[in-house]
Structure formats: structure tokens, C-alpha cells
Q: 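This is the structure I want to talk about, given as C-alpha cells.
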Amino acid sequence: MSDYYHSLIHFVFIGIIALFPVVNPIGSALIVNHYFTSLSRPEKRKAVMKITIYAFLLCTITVFAGHWILELFGITIPVIQVAGGIMICKTGWEFLSDKKSSEKNTDGTGKPTTKDDLDDQLFFPITFPITTGAGTMAVLFTLSAHSATNDFKEYLFNTAALMLSIILICSMVYFLYLNTQTLLRYVGSNGERIINRIIAFLTFCVGLQIAVTGIKALTKI
């Protein structure tokens, strides 16, 4: 039994190390922060909780049914990378091109985004693809394949470890998304605008990199 517990701890560690760079809760928190600027603290907590739940459900479905869903629609991971990368590029470009986006939350028309507008954006694009995108799905596919074994008890321990990793990552997402504004206050309004611009540019670059990775995989460059 001790071997199983050792395997569980080891797999949890691997899961966190593998998921943290692709989910990137710190960077993602800075990217999505502007969506919440018009919300009160209770409203923000509710919105962040929904995002966390969506991210957890998306990761869980990916682990247990992702392969079958992709096969059902005939979709490959590279295609998801290209599509997700394009959408992230679009998000980053909108942040860069809209002068008011660095100062307040807008819907692209210059008007503050309302709570109802935000509700429509909590899953797409905030949860997917910004928080948990194609990279997260690819890592989860790899980890779930790695956890497969003929020993049913070991499989249960490995799956439990993978789910625990997902829970811990989602907990980081919740904490950082909820408290990003508090951290940004220390840099001041000018610093916040500068950071938002830099993050918008990096968002565009990240989306472009994901799309290029998918294109390379499709063309086998």
C-alpha cells in the first residue's frame, strides 16, 4: 500500500508541475483582471467561483472523455491549438487596439461591460481558452495516458492524484483571480495601465505561439 501512496504523491507533483505552466494562473489572472473592474467584491467572488468551476469541469471532462469527444467530431489537438491560439490572439489584439481597455472594462464599444455581459464571457473566452486552453487539454491527455495501467488499484490512485492536481491548480486560479486587483493597487494606476498593455501584448504573443505550434504539427514542419 505504501507504494501506491508514494505513486500518488509522485503523480500529484508531476501533475502540478505539468499543468502550472500551461494554465499559468499568475499570467492568466493579469490577463482577465480587466473583466472584473466594474464588479463589486461579492460579484467578483461569484464570477471567479464560476470560472473556477468551469475550469475544473473542463479539465475533468478532458481527463475522462476528451479523447472520445475529439474522435466523435474528428478534431485533433493541433486543430484545437490553432483555433484556440487564434482566439487568444484576437483577445490580445482587442486589448491592445482599444485605448480604454487598459483603464476600464469594456465590451469593444467603449461602454463598461455590465454584469450580464460578463456572464456571457465567463466560459468563453475567460475559462476557455484563456484559463484552460488547448495546451491544458494536451497536457491532461498526456497525463491521463500516463496514468493508464492494467492494475486497477494503481489506476484509481493515479486518477485520484491527477484529479487532486487539477483541484490544486483550480484553487490557485480562484485565489489569484480574486486577489489580482489587490496586488495591482501596489503599482498604482499608471503601473496598472503599463502592466495591462504588456500583458495584452504577451497575450497576443502566447496565442500566436499556440497557433504556430498547431500549424507546425499539422504541416509536420
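When a residue number appears, it is its place in the shown sequence, counting from 1.
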Q: Return the minimal non-hydrogen interatomic distance between Leu143 and Phe11, and the atom names on each side.
A: O-CZ, 3.5 Å
Q: Evaluate Thr136 against Leu58 for side-chain contact (heavy atoms from CB on, under 4.5 Å), listing each step before the verdict.
A: CA-CA 10 Å; Thr136 304; Leu58 183 61; over 6 Å; no
Q: Which distance, rounded to the nearest 0.5 Å, do you find between the CG of Leu57 and the OG1 of Thr52?
A: 11.0 Å
Q: With a 4.5 Å cut-off on side-chain heavy-atom distances among I, L, V, M, F, W and Y, is there a chain of contacts connecting Phe13 to Ile16?
A: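 Not linked; separate clusters.
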Q: So which heavy atom on Pro25 is nearest to which on Val173, and how close?
A: CB-CG2, 4.1 Å
Q: Quick one: are Val79 and Val82 in side-chain contact, heavy atoms under 4.5 Å?
A: no
Q: Report the distance from atom CD1 of Ile51 to atom OH of Tyr177, rounding to the nearest 0.5 Å.
A: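 It comes to 6.5 Å.
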Q: Could you walk me through whether Leu140 and Ile166 pass side-chain contact (heavy atoms from CB on, under 4.5 Å), step by step?
A: CA-CA 9 Å; Leu140 288 173; Ile166 292 172; 4.0 Å; yes
Q: Tell me the closest heavy-atom pair linking Ser165 and Gly15, and the distance in Å.
A: OG-CA, 3.6 Å
Q: Determine yes or no for a side-chain-to-main-chain donor-acceptor pair under 3.5 angstrom, with Thr132 supplying the side chain and Phe128 the backbone.
A: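 No, the answer is negative, given that no donor and acceptor are paired below the 3.5 Å cut-off.
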Q: Going by heavy atoms in the side chains, are Ile26 and Phe20 under 4.5 Å from each other?
A: yes
Q: For Tyr54 and Thr131, which I'm curious about, is there any donor-acceptor pair between the side chains at under 3.5 Å?
A: no
Q: The test is side-chain contact (heavy atoms from CB on, under 4.5 Å); show your working for Leu39 and Lys46 and say whether it passes.
A: CA-CA 10 Å; Leu39 301 183; Lys46 185 177 180 180; over 6 Å; no
Q: Might you work through the side-chain contact (heavy atoms from CB on, under 4.5 Å) test for Phe56 and Met163, ending with a clear yes or no?
A: CA-CA 9 Å; Phe56 174 77; Met163 293 306 300; 3.8 Å; yes
Q: Could you tell me the separation between the OH atom of Tyr174 and the CE atom of Met172, rounded to the nearest 0.5 Å?
A: 16.0 Å
Q: Does Arg45 reach the main-chain N or O of Ser40 with its side chain, forming a donor-acceptor pair under 3.5 Å?
A: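 No; judged by distance alone, with no hydrogens or angles, the pair does not exist.
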Q: Is there a continuous path of hydrophobic side-chain contacts, each under 4.5 Å between heavy atoms, that joins Leu72 to Phe141?
A: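 Yes; Phe141 is reachable from Leu72 via cluster members.
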Q: Once rounded to the nearest 0.5 Å, what's the spacing between atom CZ of Phe123 and atom CD1 of Ile53?
A: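 One gets 13.5 Å once the value is rounded to the nearest 0.5 Å.
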Q: Does Trp68 belong to the same Ile/Leu/Val/Met/Phe/Trp/Tyr cluster as Met137, with side-chain heavy atoms less than 4.5 Å apart forming each link?
A: no
Q: Do you know the tightest heavy-atom contact between Val63 and Ser144?
A: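 Heavy atoms only, the tightest pair is O-CB, 4.1 Å.
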Q: If I take atom OG from residue Ser38 and atom CG from residue Leu118, how far apart are they, to the nearest 0.5 angstrom?
A: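 With rounding to 0.5 Å, OG (Ser38) is 7.0 Å from CG (Leu118).
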Q: Quick one: closest heavy-atom pair of Lys44 and Asn33, and the distance?
A: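 Smallest interatomic distance, heavy atoms only, reads NZ-OD1, 4.3 Å.
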Q: Measuring from Leu162:CG to Ile14:CD1, what's the distance to the nearest 0.5 Å?
A: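 So the gap between those two atoms works out to 11.0 Å.
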Q: Quick check on side chain to side chain contact (heavy atoms under 4.5 Å, CB included): which of Ile198, Thr180, Leu176, Asn24 does Leu30 satisfy it with?
A: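 When Ile198, Thr180, Leu176, Asn24 are each tested with Leu30, the side chain to side chain contact (heavy atoms under 4.5 Å, CB included) holds only for Thr180.
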Q: Look at the side-chain heavy atoms of Ile, Leu, Val, Met, Phe, Trp and Tyr, link any pair under 4.5 Å apart, and say whether Ile9 and Ile17 land in one connected group.
A: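 No: no chain of side-chain contacts under 4.5 Å links Ile9 to Ile17.
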Q: Verify the cluster assignment for Phe124 and Tyr35: are they in a single hydrophobic cluster under the rule of side-chain heavy atoms below 4.5 Å apart?
A: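 Linked, Phe124 and Tyr35 end up in one cluster.
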Q: Would you say the side-chain atoms of Thr159 pair up with the backbone N or O of Leu156, donor to acceptor, closer than 3.5 Å?
A: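 No: the side chain of Thr159 does not pair with the backbone of Leu156.
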Q: Where is the tightest heavy-atom contact between Ala160 and Leu8, given as atom of each residue plus distance?
A: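 Residues Ala160 and Leu8, closest heavy atoms: CB-CD1, 4.5 Å.
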